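Read through the structure below, which is laid out as structure tokens, and then see the notes.
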Amino acid sequence: MEEAHALLKWKTSLQNHNNGSLLSSWTLNNVTKTSPCAWVGIHCNRGGRVNSINLTSIGLKGMLHDFSFSSFPHMAYLDLWHNQLYGNIPPQIGNISRLKYLDLSYNSFSGTIPPQIGHLSYLKSLHSFENKLNGSIPYEVGRLCSLNYLALYSNYLEDLIPPSLGNLSNLATFYLYDNSLSGSIPSEIGNLRSLFNLELNNNTLRGSIPLSFRNLTSLIRLRLDRNYLSSNISESFYIYPNLTFIDLSHNNFYGEISSDWGRCPKLGTLDFSVNNITGNIPPEIGHSSQLGVLDLSSNHIVGEIPTELGKLNFLIKLILAQNQLSGQLSPKLGSLAQLEHLDLSSNRLNNSIPKSFGNLVKLHYLNLSNNQFCRGIPIKLEELIHLSELDLSYNFLREAIPSQICILQSLENLNLSHNSLSGLIPSCFEKMRGLLRIDISYNELQGPIPNSTTFRDAPIEALQGNKGLCGDVKGLPSCKALKSNKQALRKIWVVVVFPLLGIVALLISLIGLFFKFQRRKNDLQTQQSSPGNTRSLLSVLNFEGKIVYEEIIRATNDFDDEHCIGKGGQGSVYKAELASGEIVAVKKFHSPLPGEMTFQQEFLNEVKALTEIRHRNIVKFYGFCSHVRHLFIIYEYFEMGSLAMILSNNAAAKDLGWTRRMNVIKGISNALSYMHNDCFPPIVHRDISSKNVLLDFDNEAHVSDFGIAKFLKPDSSNWTELAGTYGYVAPELAYTMKVTEKCDVYSFGVLALEVIKGKHPRDFISSMSSSSLNLNIALDEMLDPRLPTPSCIVQDKLISIVEVAISCLDENPKSRPTMPKVSQLLKI
């Protein structure tokens, strides 16, 4: 009876307790009588006493002052995570003597942590992160000898870390990051022998690392970055055998990097950037076989880059920028097959850029600026087909810009400024529709600038310093004077037209391959299928070159269900690990019935679309195969899965926060803008939905599944059958059957609202009419309740996105914005 009345008293103190759907079961009636055991969020022991309260993410708004903690002597579990609770944490919380689990995180609690929390002698997990707590951490906390998990990060805690925390002998996870803690790290922390995770980053800690840190042999993850710590890095840390992640960046560590770091068999991330480290890079680091991220940037490291780094087969990110490294780069660095991010800028590296860098086929960021590289730009860089940013500025590069650079269709940012490049700018730049920014200033280039938006819209600062350039751009001379000079004309023929003919020949050969593929497909239709017939047509634009049909069959065990990761109307998708270690996704189309052409046409449609488009927000295409037994397409594998799968999983959806969701929406809009505006003929996807958007580890969106995509013909009605995913299809298709870019715009509007709402917005769309488009948006109704309430700045951005999304849902297709306009609006 006492417990029920205590809960009802607290309920009435809540500001939103009159909300009919909130704690509606918390009432005394003939069914429950005086027992709260059947109430939402309440659990009882066999004796009918409350032993657990779990009220996470239900929007509670109020304080804890009217919560009678002493009325629950049997409670072991209290979880109020992610609500709108505020005010102080009452000292009476120490009266729940049997409490083992306490979570007050993601609220707005303020004031200090009450010392009485030290009375909870049975407490194993204490979570109070993402609040507004201030003051110091109470010395009584060191009495919680059963504590296994302590998370007080993202508050305003200040003063010293209490030495008494060294008494928590059972502590395994210790998170105090994102606070204002000061002073030195107490040596007593070294007593925590069972500690796995220690994160004290983003504070104002000073002083040296205690020698007792060598005792923390169980450490798996260590973060001390963004403090003011200062000690000799070679003497302060033991080589922890189980360590997978260490970040000491943005401190004042000095000394040389010990060769012992090569004896960390599980180390995946080593970040010592922005310190005062001197000496060489020890070659022994090349023995840390699991290393995925190595960042030693912004130090005073000298000497050459060890060739042994080429042994790091799992390295994804290598950042050595802003040091004093010198010498020639070893060709063995081209063996880093998994590398995606390479930054060696602002050093003293010299000689030529190794041709072997063309083997870094997964690279999407390459920065070699502010060095002393000479000779020409290696033609082999043309093989970096996923590269989105290339910076070779402030070097001594000579010769002409190779026309092969135009093959890099994923390139968005290109900086070749402050070199000695000469000759004409290849006109094939006009075909690089994904290129957003260019800087060729201060070279020896001449002739007309390419006729592309990128060059026409470039600021004069990106073109200046080249005496021979001309074009219809403010700040450059007209090209008419050059046309009267026969010698200049001959040079244009030699340097521009002949390479252009080479590009045309390349395009013709690619088109020939496609038609050869079609002829092969028609021939195969007349053949009898037999298990022993392994003849196939295979074209693979992958990292290794050719992939044989038999290897795909082996990797999927002949497309066994064990390797299947998804099924759809067109076919099934399989995860395939190739002999090289590369993991790819294989989309196998359904085997057609006799006389049926549907799946062959969808297969051809997707191959045609994926071979003609390259964009960072569109799934990367590696190849295709037409065989008497199988039709399949090979493309990039995404471990994170589809957006639909992520939004349907509560844990994954919570990890996809507001900023990430906004970036997902922007990425999809950029992909559609590219397809509609930068491809000729324009491509309409026709099936934009959350199941056809894949996310990578950085939560960047990639549009997939082009099986029913439509290439818009300028002089055609573009009529087609009704297709797409229910709930995303533009309404006009039901009666006009005419495909336009505005069909994708409508689908994008639905998807954008789905990303923000966390589920399909069908109820919102059905209640919406054209007259309501200009009404103020009730943002609370549109937000995914699984995420914390966004800040005011984020709310404003979300409102803008929702407004754009709603404009995309206009019943009149002509009134909807274009995708380039949508993309532009979402960048503001």
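Here the structure is a predicted model, which is why all the values come from computation and not from measurement.
Put simply, the side chain of L296 does not reach to within 4.5 Å of the side chain of I319, judged on heavy atoms. Residues F272 and I257 form a side-chain contact, since some pair of their non-hydrogen atoms from C-beta on lies under 4.5 Å apart. For the pair I301 and I281, the minimum side-chain heavy-atom distance is below 4.5 Å. Counting only heavy atoms from C-beta outward, the side chains of P820 and S673 approach each other to under 4.5 Å. In this structure, the side chains of L318 and D295 stay at 4.5 Å or more apart for every pair of heavy atoms. Side-chain atoms of I285 and L309, non-hydrogen and from C-beta on, do get closer than 4.5 Å to each other. Using a 4.5 Å heavy-atom cutoff, the side chains of L476 and I449 are in contact. Using a 4.5 Å heavy-atom cutoff, the side chains of L578 and I552 are in contact.
Inspection of the Q338 and K362 side chains reveals an N or O donor paired with an N or O acceptor under 3.5 Å. Looking at H676 and D744, their side chains do bring a donor and an acceptor atom within 3.5 Å of each other. Y365 and E340 share no donor-acceptor pair across their side chains, judged by distance under 3.5 Å alone. Side-chain contact check for S823 and N670: at least one donor-acceptor pair (N or O, by modelled atom type) lies under 3.5 Å.
Side chain of N359 to main chain of F357: no donor-acceptor pair is present (N/O by atom type, distance under 3.5 Å, no hydrogens or angles). Proximity of a side-chain donor or acceptor of N663 to a complementary backbone N or O of R661 within less than 3.5 Å is not detected. At distances below 3.5 Å, at least one donor-acceptor pair connects side-chain atoms of E430 with backbone N or O atoms of N451. In terms of modelled atom types and a separation under 3.5 Å, the side chain of D655 and the main chain of A652 share no donor-acceptor contact. For the pair D391 (side chain) and N367 (backbone), a donor-acceptor distance under 3.5 Å is absent. With hydrogens and angles disregarded, a donor-acceptor distance shorter than 3.5 Å links the side chain of S288 to the backbone of W261. Side chain of N419 to backbone of L392: a donor-acceptor contact under 3.5 angstrom is found. Judged purely by atom type and a 3.5 angstrom limit, N395 uses its side chain to pair as donor or acceptor with the backbone of Q372. Judged purely by atom type and a 3.5 angstrom limit, S393 has no side-chain atom pairing as donor or acceptor with the backbone of S369. No donor-acceptor pair under 3.5 Å is formed between the side chain of S352 and the backbone N or O of P354.
The CG atom of N699 lies 4.5 Å from the CZ atom of R660; values are rounded to the nearest 0.5 Å. From I353, atom CD1 reaches atom CG of L366 across 7.5 Å, with rounding to the nearest 0.5 Å. Atoms CE and OG1, from M432 and T453 in turn, are 13.5 Å apart once rounded to the nearest 0.5 Å. Note: F748 CZ to S689 OG = 13.5 Å, rounded to the nearest 0.5 Å. L408 CG to L390 CG: the interatomic distance, rounded to the nearest 0.5 Å, is 7.5 Å. The structure places CG of L411 at 10.0 Å from OG1 of T454, a figure rounded to the nearest 0.5 Å.
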Q) Could you walk me through whether D439 and L416 pass the side chain to side chain contact (heavy atoms under 4.5 Å, CB included) check? A) CA-CA 6 Å; D439 191 343; L416 303 176; over 6 Å; no

Q: Report the C-alpha distance between L312 and L336 in whole Å, list the side-chain angles of each, state the deciding distance to 0.1 Å, and finish with yes or no for side chain to side chain contact (heavy atoms under 4.5 Å, CB included).
A: CA-CA 7 Å; L312 299 174; L336 301 174; 4.2 Å; yes

Q.
side chain to side chain donor-acceptor pair (under 3.5 Å), that's the test. Do Q322 and S346 meet it? Break it down for me.
A. CA-CA 5 Å; Q322 296 184 9; S346 300; 4.8 Å; no

Q: In sequence, state the C-alpha distance, the side-chain angles, and the governing distance for K467 and Q446, and then conclude on side chain to side chain contact (heavy atoms under 4.5 Å, CB included).
A: CA-CA 7 Å; K467 294 182 179 180; Q446 54 185 301; over 6 Å; no

Q. Between K575 and Y637, is a side chain to side chain contact (heavy atoms under 4.5 Å, CB included) present by the stated rule, with each step listed?
A. CA-CA 7 Å; K575 178 181 178 181; Y637 173 71; 3.5 Å; yes

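Minimum heavy-atom separation, L248 to N275: O-ND2, 3.1 Å. The heavy-atom pair separating Q328 from N351 by the smallest distance is OE1-ND2, 3.4 Å. The two residues I425 and P450 have their closest heavy-atom pair at CG2-CG, 3.6 Å. Between M819 and S669, the shortest heavy-atom distance links the atoms CE-CA, 3.6 Å. The minimum heavy-atom distance between K588 and F632, with the atom names listed, is CA-CB, 3.9 Å. When all heavy atoms of N323 and S298 are compared, the pair lying nearest together is ND2-N, 3.9 Å.
For F314, the CZ atom counts as loosely surrounded, since its 6.0 Å shell holds 12 or fewer non-hydrogen atoms of other residues, nucleotides or ligands. No more than 12 heavy-atom neighbours from other residues, nucleotides or ligands sit within 6.0 angstrom of CG on D472. The neighbour count for R456 CZ, taken as heavy atoms of other residues, nucleotides or ligands under 6.0 Å away, is above 12.
Remark: of the listed residues T269, V293, D271, D271 is the sole one forming a side-chain contact (heavy atoms from CB on, under 4.5 Å) with D247. Between H702 and the choices N692, N617, D696, the side-chain hydrogen bond (donor to acceptor under 3.5 Å, both in side chains) rule is met once, by D696.
Under 4.0 Å is where a charged nitrogen must lie from a carboxylate oxygen, and between K317 and D343 no such pair does. Electrostatic pairing of E412 and R616 counts as a salt bridge here, judged by a charged N lying under 4.0 Å from a carboxylate O. For the pair K691 and D705, the salt-bridge criterion is not met [side-chain N within less than 4.0 Å of a carboxylate O].
The distance between the ring centers of F455 and F429 falls below 6.0 angstrom.
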